[in-house]
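All remarks here apply to the structure that follows.
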Amino acid sequence: MEKLKIDIKNALGTVTAGDVDALLPEAGEALAKVDNGTGAGNDFLGWTDLPTRLSESLLDDINATANSLQDECEVVVAIGIGGSYLGAKAVIEALSDSFAAYRHEPKSTKVVFAGQNIGEDYLFELMDYLSDKKFGIIVISKSGTTTEPAIAFRLLKEMLERKEGKAKAAKRIVAITDAHRGALRQLATEEGYKTYVIDDNVGGRFSVLTPVGLLPIAVAGYDIKALVGGAAAMEADTKSASYDSNMALLYAAVRNALYRSGKKIEILVNYNPKLHYFGEWWKQLYGESEGKDHKGIFPAAVDNSTDLHSMGQWIQDGERTIFETVLSVEAPEHETLIPTDNDNLDGLNYIAGKRVDQVNKMAELGTRIAHVDGGVPNLRITIPALREGYLGQLIYFFEKACGISGYMLGVNPFNQPGVEDYKRNMFALLEKPGYEAETAAIKAKL
Ligand code: PA5
């Protein structure tokens, strides 16, 4: 399998190669904390050896469950939020036909998502869509108590039981949650659902290579063994304390050097719309891991060339506190040539005969040159193609770099204390039992 590559030469300017080299001992120390479990949050390092630790029998079992859901269902709703949603969504979108939702393919099972928002219209319209479909549910929540997926599950479970009867509904529901704790574990045990466990030592945003991500991806028809195989290759390649042979170490060091030089915002850029949700997954991974103790690079994402016509002005010309990391896919899956037009009224004959992707690549190159000239350092990650193995490499690369980078920043990359604050206020406002004091306090502020 070809390997992903990283190119940092266009990031050098604001910071020099010497600055990055000077960070090598620090980056090496951070890498050792991740690999040896000697840093803060070391009880959440179960993801580090996950690709090589996942057993063949578990992957076979996930595939068998996916096959039975495919046989039984036209649609499977994957319910979850944050780390219990974004990984599967990112991989499925990256591998799917862009118009899959509009195609009538009676034999393929569609995967749709719920519980990632509290949109009343979203849930109403989802239930309306499902009303004449044979559907199943994968409900995912590590804590088993998160409000958004719990609401979606209560609605869809009730609907499925009404349509199919309790016994048949139970056979079409799979729960992925903690081994012992949480309301979802208790409910799944009582209802007799098939379940998978999210290990205690794997945090939500690092869980895409567990059943959390793997089951929905398998139901969508993709090769989870190839995905895990790609991640395992990257696991092996990110142990060395040398920039030349460990692209995660290099990426972590460069982004910290840039941050220290005043580049406070990192924009993950794609030139392939199928990577939009990869940007969303990456934003959660880096945002929740690094944004704490009043520190952290702000992770943003754009889809180019679309966003060159909206965010392009800001990136080229706004405050010089940004750098960008470009995900560049070398080979599209399909060939489309731009035709010649005898009248040439649109003036496009100068690119007639070229592939659309050649134009896209020139948009990327032209933008890179303009941005670097304009003071936006540019890192580039090359992905040979949007296939399972390369996506597995990309996932593990970003996870490993995130751990290293978080330790270099001086935070615990594996907790998320800030996520609790909105929940406390929401529960207080909803007058949840047990929140009486918070309800009184928040009402006094209104
Ligand atoms: O990364 C995290 O831990 C969070 O984003 C969680 O994934 C998210 O809050 C969902 O939590 P849970 O899986 O417990 O429902």
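Indexing begins at 1, ligand by ligand and atom by atom, following the structure's order. Side chains are part of it too, since the values below use all heavy atoms of this structure and drop only hydrogens, waters and symmetry mates. Heads up: numbering here begins at 1 and tracks the sequence.
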Report task. Return a yes/no value for Glu288: is any of its N or O atoms, backbone included, closer than 3.5 angstrom to an N or O of ligand 1? Result -> yes
Query raised in the report: Are Arg255 and Tyr251 in a cation-pi setup, meaning NZ or CZ lies under 6.0 angstrom from the ring centre and within 45 degrees of the ring axis?
Result: yes
Query - Any protein heavy atom nearer than 4.0 Å to atom 3 (O) of ligand 1 - result: yes
Requested in this report: Would you please determine whether Gln284 falls within less than 4.0 Å of ligand 1 on a heavy-atom basis?
Outcome: yes
Query raised in the report: Would Glu29 and Lys33 pass as an ion pair if we require N to O under 4.0 Å?
Result: no
Query raised in the report: Is there a heavy atom of Ile81 sitting under 4.0 angstrom from any atom of ligand 1?
Result: yes
Query raised in the report: Does the distance from a Lys or Arg side-chain N to an Asp or Glu carboxylate O, for Lys89 and Glu93, drop under 4.0 Å?
Result: yes
Report task. Answer yes when Glu164 and Lys134 have at least one side-chain N-carboxylate O distance shorter than 4.0 Å, and no when they do not. Result -> no
Query raised in the report: Quick check: does Gly83 get an N/O under 3.5 Å from an N/O on ligand 1?
Result: yes
Report task. May I ask you to establish whether Lys133 and Tyr129 are in a cation-pi arrangement, using a distance under 6.0 Å from NZ or CZ to the six-membered ring centre and at most 45° from the ring axis? Result -> yes
Report summary line: For Thr146, the atoms of ligand 1 under 4.0 Å from one of its heavy atoms are 11 (O), 12 (P), 14 (O), 15 (O)
Report task. Using a strict 4.0 Å threshold on nitrogen-to-oxygen distance, state whether Asp60 and Lys225 make a salt bridge. Result -> yes
Query raised in the report: Which of the atoms of ligand 1 are close to Gln416, meaning less than 4.0 Å from one of its heavy atoms?
Result: 3 (O)
Report task. Below 4.0 angstrom from a heavy atom of Ser143, which ligand 1 atoms are there? Numbered from 1 as shown, please. Result -> 12 (P), 14 (O), 15 (O)
